[in-house]
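Let me begin by presenting the structure, written as structure tokens, before commenting on it.
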Amino acid sequence: LDSFFVLFLINSFNICTFAPRKVKHYITMKKLISIVLISTIISFFNNLFGQKKLLDTDVFRKNPSEVTSFEEAQKEAEKILQYLIQEELIPGASITVTKQGKTIWQGGYGYADISKKTPIDPKTTIFRVASMSKAITGVILARLQEQKKFDWNMSLYEYIPDFPKKPFDFTIKQLAGHLAGIRSYKANEYTLNKPYTIAQGVDLFKDDILQSAPGTKFLYSSYGINLISLAIEKCLNKKFEDVAKEEVFKPLNMWRTFPDRGKIIQDEAIPYTRSKKGLDKATDVNNYFKLAGGGFLSTSNDIAKMGTAIERHNFLSQPIENEMLKKQCTIDDTEISYGIGWQVQRDWNGRDYFGHTGMGVGGFGWLSVYPNEEVVIVMLFNVTDPQISIYLQRLTDFILEGAKLTDQPTLIENP
């Protein structure tokens with residue numbers, strides 16, 4: 001307590017006690033001083049024993065290589081999440097981490113709904129996973145390829161013969177690796193809030209020229225992935241969402257993964273966007289037309305099931321999985337860091353991983369599968385790109401360092 005303030009309270013109390021008697025006035029003053037004194041004492045002990053406000057330097061003090069247990073690593077990682085929430089960089093986070101197929105950390109942090117203070121449950125709270133949807137589409141393609149229901153080596157025109165003819169042909173595989181030259185979003189297409197079907201979504205770009213000759217250049221395009229979903233629908237005569245459910249969600253028990261039709265559904269985290277004032281509700285969007293490229297909703301628990309199935313090599317045949325995760329090449333044999341729907345890269349510390357980031361309106365996250373470490377990390381946030389990569393890299397470093405010290409993984413949950 002500030003000593004000056006204490007003296008002020010004591011003197012005020014003495015003046016009130018020994019000044020000329022105006023009883024009602026004195027009683028009122030004594031009550032007021034008592035209330036102020038008690039409130040100040042309570043505030044003092046709250047500050048003494050309550051949660052300390054973190055500084056940026058606090059989350060960069062310890063070196064990840066210094067941790068001696070996974071529990072210690074988790075506490076450091078949670079400190080990073082606490083800081084991001086404290087600074088209103090994110091409203092909430094859902095984390096699921098597995099090693100050798102077993103969950104070693106699963107927790108919800110912050111809020112799914114700030115105004116209602118709704119907590120986040122990593123098993124049930126649903127987030128916009130944005131471009132992680134491309135990894136889901138990659139697994140769908142692999143399943144169909146394995147069963148010979150669909151062929152990623154075929155020309156798109158074999159499946160959609162009425163797609164406007166371009167000067168060059170291109171394959172499903174090239175579309176899945178962003179090598180077909182299909183353009184990306186322009187103007188307000190990223191934030192459309194119209195109930196378009198997948199076919200109507202393709203109408204947005206089908207008449208536009210290719211940005212490059214197929215196979216010559218990597219050009220990231222959600223539209224190219226959306227075109228694949230239309231080809232699948234026409235080939236199998238089924239809705240893409242039904243194919244996803246039959247081929248991936250049902251067999252992997254991903255029961256909390258759905259199409260995003262725009263309206264907030266039960267257990268969905270409110271999507272937010274950062275502004276100068278803090279965190280505001282994100283603009284309304286309907287992502288159904290770009291389902292394959294960025295339109296699924298899911299939980300960190302569900303996405304981790306898919307990542308773990310790939311890490312454990314127990315869902316797809318090995319040759320098909322290998323081809324899905326093999327870096328594609330341009331026609332001059334230059335490797336790109338992308339397979340079929342999956343990013344295939346080395347991280348900031350030179351570790352091999354595959355997965356996908358997700359960056360959409362009111363949704364952001366990372367899916368990282370580390371094959372050598374046998375670790376899967378899923379982080380979901382209910383906010384438009386918060387620009388926190390440096391923090392998530394450090395968080396990942398702590399997880400991987402701690403996971404080395406976990407020989408027999410057991411479930412560890414946050415309080």
Side-chain angles (χ1 to χ4, degrees), residues 54-84 89-90 93-107 109 131-132 134-135 218 220 300 303-304 306-308 310-313 321-322 324-328 334-339 341-359 364-381 385-407 409 412:
L54 289 168
L55 301 175
D56 187 73
T57 51
D58 292 329
V59 299
F60 287 95
R61 185 167 289 122
K62 184 183 285 288
N63 192 313
S65 63
E66 295 173 354
V67 298
T68 58
S69 68
F70 184 80
E71 289 80 2
E72 183 184 355
Q74 181 184 335
K75 285 180 181 177
E76 290 297 322
E78 288 177 325
K79 188 185 294 182
I80 295 170
L81 294 171
Q82 179 191 337
Y83 175 78
L84 296 176
L89 296 174
I90 60 172
S94 180
I95 310 292
T96 300
V97 180
T98 69
K99 179 182 177 181
Q100 298 171 359
K102 295 181 180 179
T103 304
I104 58 173
W105 176 22
Q106 190 164 65
Y109 303 85
S131 286
M132 285 185 200
K134 294 177 176 67
F218 177 85
Y220 188 83
S300 66
I303 297 296
M306 181 180 72
T308 299
I310 302 304
E311 185 272 316
R312 293 282 86 193
H313 314 298
E321 184 184 282
N322 288 345
M324 181 183 78
L325 299 175
K326 182 181 178 181
K327 291 182 179 181
Q328 293 199 50
T334 300
E335 276 190 344
I336 62 170
S337 297
Y338 214 93
W342 286 71
Q343 295 167 334
V344 185
Q345 301 176 324
R346 284 188 172 171
D347 73 7
W348 50 95
N349 279 325
R351 297 168 296 216
D352 292 321
Y353 79 99
F354 39 84
H356 219 292
T357 54
M359 192 182 302
F364 179 77
W366 285 13
L367 160 64
S368 306
V369 179
Y370 283 87
N372 298 326
E373 290 80 3
E374 301 178 285
V375 170
V376 175
I377 303 170
V378 181
M379 301 183 281
L380 300 179
F381 309 92
D385 181 17
Q387 300 181 2
I388 55 172
S389 292
I390 188 171
Y391 297 100
L392 300 189
Q393 288 173 6
R394 187 165 177 78
L395 192 154
T396 298
D397 288 341
F398 276 114
I399 291 172
L400 293 176
E401 288 295 330
K404 293 177 185 177
L405 307 170
T406 311
D407 296 325
I412 301 173

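Side-chain atoms are counted along with the backbone in the values below, which use heavy atoms only and exclude waters and symmetry mates.
Note that the CD atom of E71 and the OG1 atom of T406 stand 6.5 Å from one another [nearest 0.5 Å]. Separating the OH atom in Y109 from the CG atom in L84 is a distance of 12.5 Å, to the nearest 0.5 Å. Put simply, CD1 on I377 and CD1 on I104 are 8.0 Å apart, with the number rounded to the nearest 0.5 Å. Taking CD of E76 as the start and CD of E401 as the end, the distance is 12.5 Å to the nearest 0.5 Å. Within the model, atoms CG of L392 and CG of D397 stand 11.0 Å from one another, a figure rounded to the nearest 0.5 Å. Distance CZ/F354 to OG/S337: 14.0 Å, rounded to 0.5 Å.
For the salt bridge (charged side-chain N to carboxylate O under 4.0 Å, His left out) with E374, the lone residue among K102, K99, R312 that qualifies is R312.
Heavy-atom minimum distance, T357 versus Q343: N-OE1, 3.3 Å. In plain terms, the two heavy atoms of G402 and A73 that are nearest each other are CA-CB, 3.7 Å. Between I80 and F398 the shortest heavy-atom distance is CD1-CD1, 4.2 Å. Pairing each heavy atom of L367 with each of A135, the nearest pair is CD2-CB, 4.3 Å. Minimum interatomic distance between L380 and S300 (heavy atoms only, all atoms of both residues): CD1-N, 3.3 Å.
Residues passing the side chain to side chain donor-acceptor pair (under 3.5 Å) test with D385, sequence neighbours excluded: none. Legend: residues meeting salt bridge (Lys or Arg N to Asp or Glu O under 4.0 Å) with E72, ordered by chain and number and at least two apart, are K62. Every residue was checked against the salt bridge (Lys or Arg N to Asp or Glu O under 4.0 Å) condition with K75, not counting sequence neighbours, and none meets it. Residues satisfying the side chain to side chain donor-acceptor pair (under 3.5 Å) criterion with E321, sequence neighbours excluded, are H313, Q318. Listed by chain and number, the residues in a ring pair (Phe, Tyr, Trp, His ring centres under 6.0 Å) with Y391 are F60, Y83 (sequence neighbours excluded). Checked against side chain to side chain donor-acceptor pair (under 3.5 Å), T308 has the following partners two or more places apart in sequence or in another chain: T98.
For K327, the NZ atom sits in a packed shell: over 12 heavy atoms of surrounding residues, nucleotides or ligands are nearer than 6.0 Å.
Side-chain contact check for V344 versus I336: every heavy-atom pair is 4.5 Å or farther apart. When side chains are defined from C-beta on, T396 counts as touching M379, because their heavy atoms get closer than 4.5 Å. Side-chain contact check for I310 versus M324: some heavy-atom pair is nearer than 4.5 Å. Here the side chains of P64 and R394 are in contact, with some heavy-atom distance below 4.5 Å. Looking at heavy atoms from C-beta onward, V375 lies in side-chain contact with L400 at the 4.5 angstrom threshold. H356 places none of its side-chain heavy atoms less than 4.5 Å from the side chain of W342.
Ion pairing between D58 and R61 holds under the 4.0 Å rule for side-chain N and carboxylate O.
Panel note: side chain R351, backbone Y370; no donor-acceptor pair is recorded below 3.5 Å.
Using cut-offs of 30° and 60° for the angle between ring planes, the Y220 and F218 rings count as tilted. Note: W366 and W348 have tilted aromatic rings, judged against thresholds of 30 and 60 degrees for the angle between ring planes.
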> side-chain contact (heavy atoms from CB on, under 4.5 Å) between I388 and F364: does it pass, once the steps are laid out?
Replying inline: CA-CA 10 Å; I388 55 172; F364 179 77; 4.2 Å; yes

> Given the rule in the side chain to side chain donor-acceptor pair (under 3.5 Å) test, do Q82 and E78 qualify, once you have shown the distances and angles that lead to the verdict?
Replying inline: CA-CA 6 Å; Q82 179 191 337; E78 288 177 325; over 6 Å; no

>> Could you walk me through whether T96 and I303 satisfy the side-chain contact (heavy atoms from CB on, under 4.5 Å) test, starting with their C-alpha distance in whole Å, then the side-chain angles of each, then the deciding distance to 0.1 Å, before giving a yes or no?
In response: CA-CA 9 Å; T96 300; I303 297 296; over 6 Å; no

